[in-house]
Amino acid sequence: MRIAYVFLGAFLAIAQSAYAEVASPPVLAPLKRQAQAAELSAQFLSRYSYKPVPLDDALSARIMDQFIKSLDPDRMLFLQADIDKFMSDRSEIDDAIERKDLKIPFAIFNAYEQRVVDRMNYARSLLKQDFDFSTQENYSVLRDKAPWSQSKAESNELWRKRVKSDWLRLKLGGKNDAAIRETLDKRYENILERAYKFKSDDVFQSFMDAYSTSIDPHTDYFGAAASADFNVSMKLSLFGIGAVLQERDDYTTIRELVPGGPAQLSGKLAVGDRITGVGQGKDGAIKEVVGTRLDEVVQMIRGKKDSVVRLDILPADAGADGTHRVISLVRDKISLDKQAARKTVLSVKAGDTTRKIGIITLPVFYEDFEAKRKGDQDYKSASRDVARLLDELKEEKVDSVLIDLRNNGGGSLDEAIDLTGLFIGNGPVVQQRGSDGKIEVKSAELAAPVWAGPMGVLINRGSASASEIFAAAIQDYGRGVIVGEPSFGKGTVQTVVDLDQIVRNSKPEFGELKVTIAQFFRVNGGTTQLRGVTPDISLPGLTDPTSFGETSYDNALPWAQVKPANYTPSDTVSTLLPTLQSRHDARAGSDPDFQRLLKDLADLKAQREKGVISLNEAERRKEATAREKRFKDRAQVSDGEDPGGDDGLEAGERSLSADIAIENARKNAKDVLLDEAAAILADEADLQQGALKAATKQTGNTNGK
C-alpha cells in the first residue's frame, strides 16, 4: 500500500457506511521535518525539472485541485460547502510552502477523515431498513465530473443509492438479507476503522503526490515507506521471511509463501495463518499487531539479513480463542520472482507447418542499482534474465520469440537499451534531450544479437516508458512485428534525487524526489510522448484511452520531433505486413474465441459509456441472465475460465481459499490476445522462411547459369 488514502479513496467508490455517535478521527498535524521537506522539494522542482514550473498562485491552484481529487475522486464525500471553504485557500499553498507551513493540506485531510467517518456511519445505519428493488431507479457510476452534493440531504440520497447498489449486487449473487446485512456492515466498518489509522506521514505523502504530479504526471515524491517500496520493485528483492501478507478482519494473514524463503523452508507457517504479534531478535518482547496497519506490520517483519524475527501465530484452522504458537525465523534475501522475466513455449499452426513460439513475459524493467554499483557480478537485471531465457529457447529450437510487455510500466532506461541490444546487437536505441536542449544518443553495444531470428513485441495501453523505448526501437529497425494496442505514451525520463543527500543530512528525514529530467526520442526522430507506439497489427484493448494513458493528463508534455539518429533499418517486416494483416483478419474473423472477446469488449464499452446502472432487480436479473446465457452458449468453457458471474463481494470478503481459487482461475483462463499474437509470429516465421528458401533457390539458379 503506497498511500493509505489512495486505497481508501478507490474503495469508497465501491462501498459506504453509518452509525450515530462515534468518536471523531484523530486530528493530524504536520511535523517540522515535513514542512522542511516540502520547502526543499519546491526549491529543487522550481529549478531543475525538465520543464521547471514556478511555485506561484497558478501552481498552487493546480495542487489544491489535485489534492482534493485524490481524496474524493468520485465526489462522494465532500459537500459543496466544504469545497467552497477549501477554495478560499486555493492560491495560498505556494506562500505556505515557502514559509514552511502545511496547515492548509492537513486541515483538508482532517475534514476528509471526518467525512469518511460520517458517511460510513450513515451507510451502516441504512442497513437496518429494507430496500424496494421494484422501483425504477438508476445509480451513476461515473461521478468524477459530477457536482458536489449541495446539502447533507442530497449526500444522504447519493449514499442511499450507493448502499442499495451494493445490496443488490449481493442479492443477485445469491445472498439472503441476513448475510447481506452482515457483509455490508463489516465492509463499511472496515473502511471506517481505516480512517482512524491515518498518520501524519500519510497526509504529507498524499499532499506531496498532489504537488509533484502538478509539475508533470511522472514527477513523484517518496517518503520513507514509498522509497523503500520503490527500491524493492527495482531490485526484485528484499530481506525478510518470504511471505505475502494480506489484511483480513484486522488480522495480518499469510496470503502466500515465497518458494525457497525462510517461511516456506521452515515448515512452520501455512497459508491462512494469522500473525498476532511480532518480536525482534531471539529474546525481544512480542508486540501485538492485531488491528495494526498492514504496512507497519510488514516493516516490523522486514530487517537485516541473518537477523531473527519472532512471530506469534494464530493457526488458520483455529478460532479467535484458539491456541497460539510462537515461531522464530531467520531473515534472508527474498527474490520476488513473480516480477522477473519468465518464458513459455506455444505450438502454433502456420500454413502446413507447426511453429514453436517462445514467449518471454517481462512485467518490469528491473535492475538492482545498488548491487551493480558495488560491483556484484550477479546483480539482478531484466536484460540478463532475458538473455538467459533466449539461450534456453534456442536450445528448445523455437522458430520465433515474442516479448510480452503488456502492463509493463517501465523501469530502468539502461535495461531497455540492453534488452534492445539482445535483438539488434550494436546500434542507437534511443535519443535523450535534456533541459539544456542537448541531445544524447544512447546505443546498445553487443557485438552480435543473442537472438537473430524472427521476433515480435506484444504491447497494450499499460506498456509505458522503457517498454515503449524497446518496442519503438524494434519497430524502427524493422527488427520485429509490433502487435497489440497503442501504448501509454510516456516519453519522458526520470531520475531519483535523495533530498537528505542534497542538504548533507546524516539521517533520512526528507525523502526522495523522482524528477523528470529529459525527454526521449525514437531513433527515427519521433517521440512516443502522447502518441505512444502504434502497433503494426492492432488487437483490441480493455482500457478506456480517455481515462488511462498520457493523453488523460492535462499537463502532459506535447509531442515533438528531432533529427533521426544514424541507424540502418531493415524492410524485412514491412514487406510481410500486408500478408500478416490479411492472415490475422481471416483468422480473427473465424475464431469464435476472438469474436467472443470482441463482443465482451463492446458490451464493456457500452456499459462504461452508459455511466449508470439500474437499481431495479428485474432489469438487473435480465441483464445477468443474458450474460450467463452468452457464456453457456460458448462452445466450451475451460476449468480455468471465468464464467462471468458476480457474487457482489469485494476483495477479502470471501474466504481466503475462494479468493485464491478465483485468482488462479483468471491466471489459467485462455489468453486470446496472446494466442493471436503467437499466431502472427508463427506467420512471420513461416513467411520469412519461405522468402529465404525462394532467395536461396534464386541464387542457386543464378549460379547454375
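The residues of the chain are indexed from 1 along the displayed sequence.
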Could you grab the distance from atom CG of L102 to atom CE of M208, nearest 0.5 Å is fine?
-> 8.5 Å
In this structure, which one of V326, D273, L329 forms a side-chain contact (heavy atoms from CB on, under 4.5 Å) with L311?
-> L329
Verdict with supporting geometry, D144 and K69, salt bridge (Lys or Arg N to Asp or Glu O under 4.0 Å) = CA-CA 8 Å; D144 58 314; K69 181 179 180 180; 5.9 Å; no
Hey, is the main chain of E619 close enough, under 3.5 Å, to the side chain of S614 for a donor-acceptor pair?
-> no
Report the residue from V289, T276, V297 that forms a side-chain contact (heavy atoms from CB on, under 4.5 Å) with Y251.
-> T276
How many angstroms lie between atom OH of Y196 and atom OG of S24, to the nearest 0.5 angstrom?
-> 6.5 Å
For the pair Q205 (side chain) and Y221 (backbone), establish whether a donor and an acceptor sit closer than 3.5 Å, ignoring hydrogens and angles.
-> yes
So, do Y112 and F109 have ring centers that fall under 6.0 Å from each other?
-> yes
So how far is it from N156 CG to S125 OG, rounded to the nearest 0.5 Å?
-> 8.0 Å
Just wondering, do L615 and N138 contact through their side chains at under 4.5 Å, heavy atoms?
-> no
Do V27 and E113 come within less than 4.5 Å of each other through their side chains, counting heavy atoms only?
-> no
Do T219 and D216 pass the side-chain hydrogen bond (donor to acceptor under 3.5 Å, both in side chains) test, and can you show the C-alpha distance, the side-chain angles, and the key distance before you say yes or no?
-> CA-CA 6 Å; T219 291; D216 80 70; 2.6 Å; yes
Which of R169, K186, R248 passes salt bridge (charged side-chain N to carboxylate O under 4.0 Å, His left out) with E650? It is R169
Please name all residues satisfying salt bridge (Lys or Arg N to Asp or Glu O under 4.0 Å) with R406, sequence neighbours left out, ordered by chain then number.
-> D404, D671
Charged N-O contact under 4.0 Å between R255 and E663 = yes
Centres of the F106 and F204 rings: under 6.0 Å?
-> no
Decide yes or no on side chain to side chain contact (heavy atoms under 4.5 Å, CB included) for I215 and L59, but give the supporting numbers first.
-> CA-CA 8 Å; I215 300 293; L59 183 58; 3.7 Å; yes
Mind checking whether F548 and F488 have ring centres under 6.0 Å apart?
-> yes
